[in-house]
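Bear in mind that the values here come from a model prediction, so they are computed numbers and not experimental data.
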Amino acid sequence: MALLITLITCFVIILTTSQPCQTPDDFVAATSPGHIIIGGLFPIHEKMLSSEDYPRRPEIQKCVGFEISVFLQTLAMIHSIEMINNSTLLSGVKLGYEIYDTCTEVTVAMAATLRFLSKFNCSRETVEFKCDFSSYMPRVKAIIGSGYSEITMAVSRMLNLQLIPQVGYESTAEILSDKIRFPSFLRTVPSDFHQIKAMVHLIQKSGWNWVGIVTTDDDYGRLALNTFTIQVEAKNVCIAFKEVLPAFLSDNTIEVRLNQTLEKIALEAQVNVIVVFLRQFHVFDLFNKAIEMNINKMWIASDNWSTATKITTIPNVKKIGKVVGFTFRRGNISSFHSFLQNLHLLPSDSNKLLREYVMHLSACAYLKDTDLSQCIFNHSQGTLAYKANKTIERNFFMRNDFLRDYAEPGLIHSIQLAVFALGYAIQDLCRARDCQKPNAFQPWEKIQSKCSKECSPGQMKKTTRSQHICCYECENCPENHYSNQTDMPHCLLCNNETHWAPVRSTVCFEKEVEYLNWNDSLAILLLILSLLGIICVLVVGIIFTRNLNTPVVKSSGGLRVCYVILLCHFLNFASTSFFVGEPQDFTCKTRQTLFGVSFTLCISCILTKSLKILLAFSFDPKLQKFLKCLYKPILIIFTCTGIQVIICTLWLIFAAPTVEVNASLPRVIILECEEGSILAFGTMLGYIAILALICFIFAFKGRKLPENYNEAKFITFGMLIYFIAWITFIPIYATTFGKYLPAVEIIVILISNYGILCCTFFPKCYVIICKQEINTKSAFLKMIYSYSSHSVSSIAVSHASLESMHSNVTMTNPSSSDKSATWKKSKELQAQAFAHICKENATNVSKTLPRKRISSI
C-alpha cells in the first residue's frame, strides 16, 4: 500500500512539473495539421514484441504483424476528414488528425492517450494535472477508436478525466453503454446485447439445444460469455463447454490454449454448433489448425470477424463446415473505393503507415492477392528497404483490387459515421464561434452534440437503408400519434376511441364529446321555429273555438276533428325537442315513435276529410255509392293509426333505437341515436308516405270545389309539400354525418308540419277573420247552389256530347221535353247534395252544441 501511494505521488509530481519525454519517431502513425485536431487509435499491428532486456525497461517495443484491414480503417478516417474539409460543412475551418497505432496492446494505447491529453500549444508530451479540467485545452478535441473493447475501456477511463469525446466504431461490449462509468464514450455500432439476442434466436429457431462457445479472456469476451449464457439458458439451450483463449497474441500460452480448445471441440462429437467471440487473428489460427485436424462444425460468427477477408481467404476454409455470421449495417462506400484508386497521390511524408504498406507491398509484389496479406503480416517493421517513387506508384496500380477486397464495408461505414458525427457536432458549436481559434470550445462541449440533431418531443427518428442508426432525420409525428421524449425511434399511437393528437404532438388530447346541444345556434333556431308552430296551433285552436257555429268551421269536420288534427300538429312540433340535447335511450326511442304515431294520426284525419269532401260533391251515382261504403271515419282513423302503432311497437321490441358512441371522426366523439333497424325506420316513414299519397289522390279529385269550400285544394298542396320535403330528406340524411344529423330530420318535420298546418287551417282562419261576409249560412248555401247548378249543367252537356258521339246519324236539336227532363234531374241532384251536406253538418254539430243551435242550421 505504501508502495502504491509512493508511485501515485511520484506520478502526480511528474505531471505537475510537466517534464517532457522523448517520443520515438515511429510512434505517431499519421498526422495532418488543422484548426481542430481529431485523434485516432487503430490496432494496425497485431502484437508488440516482448522486451529481451533484463531487467525490463519501461519503454514501448516494436510492433509487428501489419494488418491490411485495419490499415484500410485508418485510410477511411483520413478520407472522411478530407471529405469534410472539401465540403461546406465547416466553412473556413480545417480538420486535422493524429493517428496512433495501439499495436493491439492496452499499454501502447494508454501511451497514445497521454499524448492526446497533452496541453495545446506545448510539446505533445506535456500533461498537466488539475482538479478541474473545464478550462483545460488538450491537443485534440475528440478521439475515434480504438477498435477492440478491452482497449477502448482503458482509454475511455483515462479520457473521462477531461471528458474528451471518444467515438467507437467497433467496440461492442455491452458495458460501454453505462454512462456512469463511461460518460464520454459514444459509438456508431450497437452493443453486443442485440447481437447475442439475435444469435440466441437463431439457435432456438434452428432447433439446436447443445452448443459450445469459445471466447477471449478479456472484458469483451467475459461480458459476451455472461450475456450469452443468461439468454441461451432462458431458451432451454444447454452449453456443452466454454473455452477461453488469451486475449493477446503476445501471450506465450496462446498456442497451447488453441490446441486444447480444438481437442475439446473434436472430443465433443455431439456438439455441432460452436459460437465464436474472438478477434480475427484468433479465428485465423483456430481455423488453420481446425483444417489440419479435419474438424467440421457449424460456426456462429460474431461481428468481429464475420466479414473479414483474412478469414474467408484461408486456403481450404470450406473444410471447417458452415459459418453463419452477424455484421454491422453496411452503407455506401463507393467514394472510399475511389479514394483507394488514387492512393498513390496521398502524401506519405506525414503518413508512416502508408510508407510501411508500400515497403511491405514491394517485398511481396510478385505474390498472388490471396497470399499477399499473409506475406505483409509476416514482415516486421523496419526489415524492408524503401523503394523509388516510380516503383511505389506501379505497385499501387497493381494492387487496387487487393485493397478493395480487404475493405470491410460495415466497419468502413461505421468510421465514416463517426467522423461525420464529430463534424456535425463541431458545426453546431462553430455557428456562434470562431473555430479557427484553437480555444473556441472545450472538448467536453461536444458530448452534448450528436451525428444528427436531437429530435424534439413530437418528432421521431427516421432512418433509411443507407443510413446508420446513429444518423437520422427528424420527422413529425402524424395525426393521432405522439412522442413525449427526445430522439424517440417511433411515435406512439393514441387510443383512437377516446383520444386524438395533431401533427407533431407531445401528448394525446381527449376527444370532445359532441351532439346537437341546446345552446347550439342551429338548435336554438329550430326550437324557436317549433315553438312558433306550437303558438300557431294554439292560435288556430282559439280561433276555431270562438267561431264554432260558422260554416267554415262546420265544413272542416267540426271542432272534435279539428282538435285532433291540431293536437297532432302540437305533438309533431313538440317531438323536435327530443332531437336536441344529449342523447338518452328514452329520447332515442321516444322521438321517432312520437313523430310517427302523431303524424300518422294527423294524415288519417285529413284522409277522412278528403273522403267526406269527395263524397259530398260527387254526382256520379256509382262513385257515390262506393264512397258511402268506404266512408267510416272512426274506423279509418283507428285502423290507419293502429297499423303505425303496431309497426312502432315491433320496432321498439326487436330493434329499439339506442345511444351510439361514434368515434370514427379524428378529433371528436359523436353521441347519436342509432335507429336500431333501418328497415323499421323506413317502414314507418314509408307507411306515412302511403297514407299521404292516398290522401293526395282523394284531395286531388275534389280540387274543383266551391271557392269557400276549397279545402281539398289546400290539402293537395299540403301533401305536395310533405312529399317534396321527405323526398329531399332521404339523400341528405344518407350523406350527412356528425352532430347535425338530427337537425336534418327536425327541418324536414318542421317543413312538412308547417306545410300541412298552413294549407289546412290558415285559409279558413283568413276567411273567418278577413272575409266574414262570406262566412254566413246564406252565402254558403248560395255558393253551393251555384256550384251544383254549374256542375249539373256540365254533366248534361257531357251526356249530350256522349250521345252525339255515340250516334252515327245527323244530330237534331233536342226537344223541349228533353230539356225539361235534364233540368228536372239537375234539380234533384242539387237537392241531394244540399241535403247530404246539411245532414253531415247537423250530425257533427249536434255532438258539440245544444239542440237549439241545430235548428238554425
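- Without hydrogens or angle criteria, Thr227 side chain to Ala224 main chain gives no donor-acceptor distance under 3.5 Å.
- Proximity of a side-chain donor or acceptor of Gln416 to a complementary backbone N or O of Ile333 within less than 3.5 Å is not detected.
- The closest side-chain heavy-atom distance from Tyr754 to Leu532 is below 4.5 Å.
- From Thr608, atom OG1 reaches atom CD1 of Ile634 across 10.0 Å, with rounding to the nearest 0.5 Å.
- In this structure, Tyr482 has no side-chain hydrogen bond (donor to acceptor under 3.5 Å, both in side chains) partners at least two apart in sequence or on a different chain.
- Side chains of Gln195 and Ser302: no donor on one and acceptor on the other come within 3.5 Å.
- Side-chain atoms of Thr327 and Asp303 form no donor-acceptor pair, as typed in the model, at a separation below 3.5 Å.
- Of the inter-residue distances, the one linking Ile565 atom CD1 with Cys602 atom SG reads 6.0 Å to the nearest 0.5 angstrom.
- Ring centers of Phe761 and Phe714: at least 6.0 Å apart, outside the cut-off.
- Checking Ser456 against Arg504 by side-chain atom types alone, a donor-acceptor pair falls below 3.5 Å.
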* Apply the test side-chain contact (heavy atoms from CB on, under 4.5 Å) to residues Ile84 and Val419: give CA-CA distance (whole Å), side-chain angles for both, the deciding distance (0.1 Å), then the verdict. => CA-CA 9 Å; Ile84 292 176; Val419 174; 3.8 Å; yes
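- Residues Thr498 and Lys511 have side chains not in contact (no heavy-atom distance under 4.5 Å, counting atoms from C-beta outward).
- Under a 3.5 Å cut-off, the side chain of Trp726 and the backbone N or O of Ile730 do not form any donor-acceptor pair.
- Phe326 places a side-chain heavy atom less than 4.5 Å from the side chain of Leu202.
- The shortest distance between side-chain heavy atoms of Lys632 and Ile637 does not fall below 4.5 Å.
- The ring pair (Phe, Tyr, Trp, His ring centres under 6.0 Å) pairs that include a residue from residues 490-515 are Trp500-Phe509, where partners are two or more places apart or lie in different chains.
- For Thr307, the side-chain hydrogen bond (donor to acceptor under 3.5 Å, both in side chains) test picks out no residue, with sequence neighbours left out.
- Between the side chain of Asn572 and the main chain of Cys568, a donor-acceptor pair closer than 3.5 Å is present.
- For the pair Thr188 (side chain) and Ser414 (backbone), a donor-acceptor distance under 3.5 Å is present.
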* Given Gln592 and Phe578, is the side-chain contact (heavy atoms from CB on, under 4.5 Å) satisfied, shown in steps? -> CA-CA 9 Å; Gln592 299 291 5; Phe578 290 96; over 6 Å; no
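- Atom-to-atom distance recorded for Asp487:CG and Gln459:CD is 9.5 Å, nearest 0.5 angstrom.
- Looking at every heavy atom in both residues, Ser598 comes nearest to Leu594 through OG-O, 2.6 Å.
- One finds the CD1 atom of Ile606 at 9.5 Å from the SG atom of Cys759 (value rounded to the nearest 0.5 Å).
- Side-chain N or O atoms of Thr593 include none that pairs as donor or acceptor with a backbone N or O of Cys648 at under 3.5 Å.
- The side chain to side chain donor-acceptor pair (under 3.5 Å) test with Asn662 singles out one residue from Glu674, Glu514, Glu672, and that residue is Glu672.
- With hydrogens and angles disregarded, a donor-acceptor distance shorter than 3.5 Å links the side chain of Ser677 to the backbone of Ala680.
- Within a 6.0 Å sphere centred on OH of Tyr733, other residues, nucleotides and ligands contribute more than 12 heavy atoms.
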* **Audit row: Ser335, Met83, side-chain contact (heavy atoms from CB on, under 4.5 Å) steps and yes/no** => CA-CA 9 Å; Ser335 61; Met83 287 179 65; 4.0 Å; yes
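- Counting only residues at least two apart or in different chains, salt bridge (Lys or Arg N to Asp or Glu O under 4.0 Å) contacts with residues 569-595 comprise Arg591-Glu675.
- Looking at Ser171, its side chain never comes within 3.5 Å of a backbone N or O of Gly168 through a donor-acceptor pair.
- Between Ala501 and Cys508, the closest heavy-atom pair is CB-CA, 4.4 Å.
- For the pair Ser87 (side chain) and Leu89 (backbone), a donor-acceptor distance under 3.5 Å is present.
- Side-chain atoms of Lys739 never come within 3.5 Å of backbone atoms of Val513 as a donor-acceptor pair (strictly under, hydrogens ignored).
- With a 4.5 Å cut-off on side-chain heavy atoms, Phe696 and Phe723 count as touching.
- Not counting sequence neighbours, Ser521 has no partner by the side-chain hydrogen bond (donor to acceptor under 3.5 Å, both in side chains) test.
- Screening Val661, Leu516, Leu665 for a side-chain contact (heavy atoms from CB on, under 4.5 Å) with Ile670, the sole residue that qualifies is Leu665.
- Residues meeting the disulfide (SG to SG under 2.5 Å) test with Cys640, sequence neighbours left out: none.
- Taking the six-membered ring for Trp and the full ring otherwise, the centers of Phe544 and Tyr563 sit at least 6.0 Å from each other.
- Salt bridge present: Arg667 and Glu479 bring a charged side-chain N and a carboxylate O closer than 4.0 Å.
- For Thr576 and Ser530, the side-chain atoms include at least one donor-acceptor pair closer than 3.5 Å.
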